[in-house]
Chemist: 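My questions will all concern the structure given below.
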Amino acid sequence: MDVMLSAPMATILSALIAAFLGSWVGAQMALTRFKKERAFEKQLAWYEQMIRALHHLAERIEIASTFQDEKGVAPTLLFDVWQEVQGAHIDLEVAINEAILFGSVEAARRCARISKAVQSVAEETEAFDLARHPEVVAKLPLIDELPDKLRGAAKPLAEEARRHLGIK
């Protein structure tokens, strides 16, 4: 038993199949575009987070070092400002750990070097963990060099973010 479709029925069926395939292809293209746009936004957000974290840690270190240098500063205040340095260090490490996911290969390498440099100063001085007045005072030169290095590390990441955005 052969089923024959009339010409109008065949035309309608062909049109329905074409409409379905067209819709499906269009939906797939839209989904692909959405994923690319979302990835672009997440990458850009990571660059912004990383640059902010670098500047924030630099700022916290400068503030803590300034208070550490002052005579007669209450030990509780010293503890609080160094605690803020520790918090900024943790925030930076969170952003650094996401470099492999959102940054370029070179950005991930830069971030690894930044992390190593910061961790080295943190371990040598012990200032990031606890305000240890007067032991920290002798090690302040090691800490005082770090903010400029952190700010310097932000520049290549900002340049890479600009390239990501297509800004010359």
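Keep in mind the model is a prediction, meaning the values are calculated, not measured. Index from 1, following the sequence.
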Chemist: Just do the salt bridge (Lys or Arg N to Asp or Glu O under 4.0 Å) check on R113 and E106 with the steps written out, would you?
Modeler: CA-CA 11 Å; R113 288 191 299 268; E106 183 54 34; 3.4 Å; yes
Chemist: Begin with the C-alpha distance, continue with both residues' side-chain angles, and end with the deciding distance and a verdict on side chain to side chain contact (heavy atoms under 4.5 Å, CB included) for I63 and V85.
Modeler: CA-CA 9 Å; I63 290 169; V85 170; over 6 Å; no
Chemist: Mind checking whether M9 and F20 sit in one hydrophobic cluster, side chains of I, L, V, M, F, W, Y counted as touching below 4.5 Å?
Modeler: yes
Chemist: Please give me the minimum heavy-atom distance between Y47 and S104, naming the atom from each residue.
Modeler: OH-N, 3.4 Å
Chemist: Check step by step if side chain to side chain contact (heavy atoms under 4.5 Å, CB included) holds for Q68 and L78.
Modeler: CA-CA 7 Å; Q68 191 73 45; L78 285 175; 3.7 Å; yes
Chemist: Under a 3.5 Å distance rule, please check whether S120 uses its side chain to pair with a backbone N or O of K116 as donor and acceptor.
Modeler: no
Chemist: May I ask you to decide whether R151 forms a salt bridge with E62, counting only side-chain N to carboxylate O separations under 4.0 Å?
Modeler: yes
Chemist: Tell me whether S23 contacts the main-chain N or O of A19 through its side chain, where contact means a donor paired with an acceptor under 3.5 Å.
Modeler: yes
Chemist: Hey, quick one: are V94 and W46 part of the same hydrophobic cluster, counting side-chain heavy atoms closer than 4.5 Å, chains of contacts allowed?
Modeler: no
Chemist: Can E159 and R163 be counted as an ion pair, charged N to O under 4.0 angstrom?
Modeler: no
Chemist: Where do F67 and V81 come nearest, in terms of heavy atoms and distance?
Modeler: CD1-CG1, 3.8 Å
Chemist: Would a single hydrophobic cluster contain both I17 and I12, if residues Ile, Leu, Val, Met, Phe, Trp and Tyr are joined by side-chain heavy-atom contacts under 4.5 Å?
Modeler: no
